[in-house]
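Below you'll find the structure, written out as structure tokens, and then a few comments.
Letters A, B, ... mirror the listed sequences (proteins, then strands); counts begin at 1.
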Protein chains: 2
Amino acid sequence: MREVKAGSKKEQTRERILRAAARAIRKHGYEGVGVADVMKEAGLTHGGFYAHFESRDALLAAAADQAGAESIENLTRAIAAAKPGQELMALVNTYLSDRHVAAPEQGCAIAAAGSEVPRQQAEVRRAASRRIKDIIGLIERQFPEWGRSAAHDKAMGIAATLVGALVLARAVDDSQLSNRIRKAARELVRAAAG
Amino acid sequence: MREVKAGSKKEQTRERILRAAARAIRKHGYEGVGVADVMKEAGLTHGGFYAHFESRDALLAAAADQAGAESIENLTRAIAAAKPGQELMALVNTYLSDRHVAAPEQGCAIAAAGSEVPRQQAEVRRAASRRIKDIIGLIERQFPEWGRSAAHDKAMGIAATLVGALVLARAVDDSQLSNRIRKAARELVRAAAG
DNA sequence: GATAAAATATGATGAATATCATATGCGCGA
DNA sequence: TCGCGCATATGATATTCATCATATTTTATC
């Protein structure tokens with residue numbers, strides 16, 4: 001009997017399914033994720049799915065975490081690429097960029113599907129909580145000069161503003177308003193960080 | 001042939017279905033709204049539905065607007081009940097209250113299902129846009145001393161913070177964090193409002 | 001290169017659900 | 001009070017989708 005080794009064919013396929021599901025959650029929402037569609041997106045057919053995951057629910061739980069991890073990775077990259085002293089605004093500009101508005105499937109999982117999270121199974125909610133804490137921590141670290149507690153408070157407020165601005169910017173049917181909302185959120189964050 | 005008059009039996013039944021659907025959207029999300037469930041909630045059986053609405057889609061469009069209208073009504077009431085000079089913080093406190101976190105089906109439609117809106121039909125998006133503009137206008141009017149443009153900008157930023165804070169507060173699996181997020185958002189808005 | 005086991009595909013099944021056709025019952029005008 | 005229509009209910013149909021059983025292909029070891 002062969003084992004499932006890291007890097008094995010099966011492991012790679014599982015990863016591909018997982019990534020496809022993580023994108024599907026952000027593109028179609030949790031309820032919009034279908035087993036067959038995810039498998040097709042991963043270049044496979046529907047039947048083999050259960051060789052990789054116990055159930056659709058198990059996939060959603062794993063994919064929720066994966067989606068969160070990808071979001072954090074993007075923001076971390078943006079911070080790393082920023083000029084010293086500009087890290088927070090680099091994060092904010094990346095988060096509120098046209099690109100992020102247009103491509104939810106590659107972006108923040110909370111902005112893309114956050115309002116569905118309260119209705120999901122416990123594992124999904126756990127993953128979402130963990131990733132939300134991660135994002136808050138990422139923002140918090142941009143305020144080293146402030147006390148831990150003050151920085152944490154500011155970070156939570158800023159995270160809320162960013163998520164809300166992106167949700168509103170995507171919801172409205174008027175690209176000018178979408179732009180204005182994001183600009184206003186940027187200014188609000190800048191003032192709060194000042 | 002009898003006409004459908006305002007206040008007629010049929011009109012009242014339609015209203016009941018509409019209200020049930022508006023609650024269902026906020027409780028189960030757009031995808032989670034089923035014709036049979038809505039009808040049962042309205043005290044009817046599934047078959048009669050098509051005497052009142054063309055299709056499930058037509059119901060969703062009408063119910064999205066209804067849900068938005070109910071949300072605005074709640075906030076308007078909170079402002080009206082506030083002591084003079086405390087209107088904005090009354091709105092903020094109502095929006096970020098424990099009650100609102102716990103009862104999405106009676107609250108803000110954007111916080112409850114906002115991340116699903118970009119995927120909905122055009123009529124739903126139109127209704128959402130209209131109601132988002134209404135909320136921004138409501139907040140904007142709390143800054144009479146500022147110029148129109150500055151008040152509008154502030155209002156958009158504050159709306160984003162409120163929506164994001166509620167989404168995050170509902171998503172996390174940790175009631176302490178949920179409380180802290182809302183408190184931080186309150187402080188951020190207070191500071192922004194000067 | 002042959003063979004066994006793993007990985008994936010094909011096809012079937014059952015449940016959920018939107019929609020529609022038809023039946024029933026209740027209120028309104030005589 | 002009686003009968004006609006409107007409002008609602010019952011039941012049927014078709015489709016979508018998760019899950020599973022079985023067949024086929026691929027891979028790795030000898």
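In this structure, B/M39 places its CE atom 13 Å from P of D/dA7, rounding to the nearest Å. Note: CZ (A/F53) to C1' (D/dT19) measures 16 Å, nearest angstrom. The distance between atom CZ of A/R14 and atom P of C/dA6, rounded to the nearest whole Å, is 18 Å. The distance between atom CG of A/L44 and atom P of D/dT26, rounded to the nearest whole Å, is 13 Å. Taking atom CZ of A/F49 as the reference point, atom C1' of D/dA18 lies 9 Å away to the nearest angstrom.
Between B/A51 and A/V33, the one whose closest nucleotide on DNA chain D sits nearer the 5' end is B/A51.
Relative to the side chain of B/H52, the nucleotides C/dT8, D/dT8, D/dT10 differ in distance, and D/dT8 lies closest. Each of D/dA18, C/dA12, C/dA18 was ranked by its minimum atom distance to the side chain of B/R56; first place goes to C/dA18. Of the candidate nucleotides C/dA12, C/dA9, D/dA9, C/dA9 has the atom lying nearest to any side-chain atom of A/T45. For A/Y50, the side-chain atoms get nearest to D/dA18 when compared with the rest of D/dA18, D/dA9, C/dA12. Out of D/dA9, D/dA12, D/dT19, the shortest distance to the side chain of A/H46 is found at D/dT19.
The phosphate of C/dA18 has neither OP1 nor OP2 within less than 4.0 Å of any side-chain N or O from B/S55. Distances shown here put a side-chain N or O of A/T13 below 4.0 Å from the OP1 or OP2 atom of C/dT8.
Classification of B/R14 and B/E11 as a salt-bridged pair fails, no side-chain N sitting under 4.0 Å from a carboxylate O. Salt bridge absent: A/K183 and A/E187 never bring a charged side-chain N and a carboxylate O closer than 4.0 Å. Using a 4.0 Å cut-off between charged side-chain N and carboxylate O, A/D37 and A/K40 make no salt bridge.
Distance check: B/K133 NZ to B/I136 CD1 gives 9.0 Å after rounding to the nearest 0.5 Å.
Within 4.0 Å of A/G34, counting heavy atoms only, lie sugar-phosphate atoms of the nucleic acid but no base atom.
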